[in-house]
There are 2 protein chains.
Amino acid sequence: MGTTDTKTRILDAAQCLIQSRGINGMSYQDLSESVGIRKASIHHHFPSKLDMLNALLQRYQHEFADTVDAIVQSKITGKSKLKRYCALFQGTLATGEDGKTCLCGMMIAEIASLDDSGVQKIRQFVRTNTQQIVAMIESGMADGSLATQKSPKAVAELVLATLEGGLMVARSSGGPQQFDSIVNQLISLLTR
Amino acid sequence: MGTTDTKTRILDAAQCLIQSRGINGMSYQDLSESVGIRKASIHHHFPSKLDMLNALLQRYQHEFADTVDAIVQSKITGKSKLKRYCALFQGTLATGEDGKTCLCGMMIAEIASLDDSGVQKIRQFVRTNTQQIVAMIESGMADGSLATQKSPKAVAELVLATLEGGLMVARSSGGPQQFDSIVNQLISLLTR
DNA sequence: GTCTATAGCGCGATAGAC
DNA sequence: GTCTATCGCGCTATAGAC
């Protein structure tokens, strides 16, 4: 079927709007116009805005984790895994007319607007990604494609921070090209 | 005098609130309660919210640039300059009960809520900081405290991205301690 | 320069018909 | 499941007294 579930279409629109404008910069009215149904119909699927944000976070986190797992378990060098991982973030920035950012990066900025459940999901996103990056780095240390690191966990936290911050900086100024440059520099520093 | 200009007190309160909640998470009502004067009085000093945001960005950018200039021109090693620079961001996170982030990092996230003048100020912040980091790196390459880099500009962009992203990631999960770890790892990678 | 009062609008959310 | 209609609230902003 070419048709998509209404709930899914709402989440798609919400994700796109939040990635470019933020949680508090997006309204049910915006969603209504984007999806093509009325505000009340959105409330039927997601009674409150917090309900919607939590559903969105859950979907994003699971999709992202699965995609990254596929990379981690692929039969390529650790360095190649890391490159593909960075390309995931790169894709976020390139999609759409104005620069978008990682959904979780945006939600961390506006974390004060989330409930406890949302904050926990954000923390799990950070935790999961950090562990997955650690796996990639250890893989690269084992096959010799990445330089030996004292603390893979500290490196992983740095990688995640650089990618999240890189999306922000790049979308304000230099665009995808600047993000590429940052990623290349990061990989280069981890190779020597 | 222990008393402070009202305009300054408003900007102080606005900066604090925006650094923790974001542009769209802060209202004139919040400011009113924080400063201790009525909403209408805030409007007397800053007619529109965009006026206030622009004044705030201008002040922040100039103050920050001056502080960094003092570091760049100090008679210490390039590596020490970079460490002090990172400590500026570190200070932001540590101040206040809940984790705050760089004012410009937050505003980049919500850049869709700024006018053209505000966007330009953000870009200048990024440009200025990048140039200043380049100066620190070149200083460190000259005195041998930092490893030789092919492209100091690409490294500088990576440093800024890592610090901005590090503030975000750290305030969602590990706090100042995690930010320290990221900074140490960054310096370590630039030293070898 | 600060106040009270209020305009005007958009927001999240709900009731009830179809 | 989608609609029309509406509620109640908080927002930015303004008018005018003191």
Side-chain angles (χ1 to χ4, degrees), chain A residues 1-57 106-107 109-119, chain B residues 1-57 106-107 109-119:
Chain A
M1 295 296 162
T3 56
T4 316
D5 185 33
T6 302
K7 218 160 179 168
T8 302
R9 279 165 50 221
I10 296 172
L11 287 180
D12 290 344
Q15 179 170 337
C16 181
L17 284 167
I18 292 176
Q19 283 180 323
S20 50
R21 301 187 205 165
I23 297 174
N24 298 319
M26 176 224 66
S27 70
Y28 271 62
Q29 185 58 41
D30 295 327
L31 277 180
S32 164
E33 289 161 15
S34 180
V35 177
I37 60 176
R38 298 302 207 158
K39 279 199 302 176
S41 307
I42 314 267
H43 279 285
H44 170 76
H45 294 282
F46 303 101
S48 82
K49 197 171 181 178
L50 286 172
D51 291 331
M52 213 196 59
L53 294 176
N54 277 304
L56 189 53
L57 271 172
M106 180 63 88
M107 289 211 184
E110 294 179 300
I111 200 167
S113 301
L114 298 177
D115 57 10
D116 286 352
S117 170
V119 174
Chain B
M1 294 298 162
T3 57
T4 315
D5 184 33
T6 303
K7 218 160 178 168
T8 302
R9 278 165 50 220
I10 295 173
L11 286 180
D12 289 344
Q15 179 169 337
C16 181
L17 283 167
I18 291 175
Q19 283 180 324
S20 51
R21 300 187 206 167
I23 297 175
N24 298 319
M26 176 223 67
S27 69
Y28 271 62
Q29 184 58 42
D30 295 328
L31 278 179
S32 164
E33 289 161 15
S34 181
V35 176
I37 61 177
R38 297 303 207 159
K39 281 197 298 178
S41 308
I42 315 267
H43 278 285
H44 169 77
H45 295 282
F46 302 101
S48 83
K49 197 170 180 177
L50 286 172
D51 290 330
M52 212 195 60
L53 294 176
N54 277 303
L56 189 53
L57 271 173
M106 180 63 87
M107 290 211 184
E110 294 179 301
I111 200 168
S113 302
L114 297 178
D115 57 10
D116 287 351
S117 170
V119 174

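Numbered from 1 within each chain, the chains take letters A, B, ... in sequence-line order.
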Exercise. What ring pair (Phe, Tyr, Trp, His ring centres under 6.0 Å) pairs are there with at least one residue in residues 16-43 of chain A, not counting sequence neighbours?
Worked result: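 Only A/Tyr28-A/His43 qualify under ring pair (Phe, Tyr, Trp, His ring centres under 6.0 Å).
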
For this session: Kindly state which residues belonging to residues 21-39 of chain B come within less than 4.0 angstrom of DNA chain D, counting heavy atoms of the residue only, listed by number.
Result: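 Residues of residues 21-39 of chain B that come under 4.0 Å of DNA chain D are, in numerical order, B/Met26, B/Ser27, B/Tyr28, B/Gln29, B/Lys39.
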
For this session: Using a cut-off of strictly less than 4.0 Å between a heavy atom of the residue and any atom of DNA chain D, enumerate the qualifying residues of residues 8-19 of chain B by number.
Result: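 Nothing qualifies; none.
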
Please output the side-chain donor-acceptor pairs of residues 110-118 of chain A that fall under 3.5 Å, not counting sequence neighbours, one pair per line with the distance.
unit_1, atom_1, unit_2, atom_2, d
A/Glu110, OE1, A/Ile23, N, 2.5
A/Glu110, OE2, A/Asn24, N, 3.4
A/Ser113, OG, A/Asn24, ND2, 3.0
A/Asp115, OD1, A/Asn54, ND2, 3.3
A/Asp115, OD1, A/Ser117, N, 3.4
A/Asp115, OD1, A/Gly118, N, 2.9
A/Asp115, OD2, A/Asn54, ND2, 3.2
A/Ser117, OG, A/Asn54, OD1, 3.3
A/Ser117, OG, A/Lys121, NZ, 2.8

Exercise. Between atom CD1 of A/Ile18 and atom CE of A/Met26, what is the distance when rounded to the nearest 0.5 Å?
Worked result: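 It comes to 4.5 Å.
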
Exercise. What residues form a side-chain hydrogen bond (donor to acceptor under 3.5 Å, both in side chains) with A/Thr8, not counting sequence neighbours?
Worked result: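 Per chain and number, A/Thr8 pairs via side-chain hydrogen bond (donor to acceptor under 3.5 Å, both in side chains) with no residue.
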
Exercise. Taking only residues two or more places apart in sequence, or in another chain, which ones meet B/Phe46 in a ring pair (Phe, Tyr, Trp, His ring centres under 6.0 Å)?
Worked result: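 Testing B/Phe46 for ring pair (Phe, Tyr, Trp, His ring centres under 6.0 Å), a comparison that skips the adjacent residues, returns none.
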
For this session: Apply ring pair (Phe, Tyr, Trp, His ring centres under 6.0 Å) to A/His45 and list each qualifying residue two or more places apart in sequence or on a separate chain.
Result: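 Counting only residues at least two positions away or on another chain, A/His45 forms no ring pair (Phe, Tyr, Trp, His ring centres under 6.0 Å).
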
Could you give all pairs that pass the salt bridge (charged side-chain N to carboxylate O under 4.0 Å, His left out) test and reach [range], with sequence neighbours left out?
range: residues 44-53 of chain B; value: none
range: residues 11-20 of chain B; value: B/Asp12-B/Arg59
range: residues 18-43 of chain A; value: A/Arg21-A/Asp30

Problem set entry | Length of the NZ-P vector between B/Lys49 and D/dA13, whole Å |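 Taking atom P of D/dA13 as the reference, NZ of B/Lys49 is at 8 Å.
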
Exercise. Hey, does the side chain of A/Thr6 come within less than 4.0 Å of D/dT2's phosphate (OP1/OP2), counting only N and O?
Worked result: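 Yes, such a contact exists.
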
For this session: Would you please confirm or rule out a distance under 4.0 Å between OP1 or OP2 of D/dC3 and any side-chain N or O of A/Ser41?
Result: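 For D/dC3, OP1 or OP2 has a side-chain N or O of A/Ser41 closer than 4.0 Å.
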
Exercise. With respect to the side chain of B/His45, which nucleotide from C/dG12, C/dT2, D/dC3 is positioned closest?
Worked result: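 The answer is C/dT2.
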
Check nucleotides 15-17 of chain C for protein N or O atoms closer than 3.5 Å to its own N or O atoms and list the pairs.
none

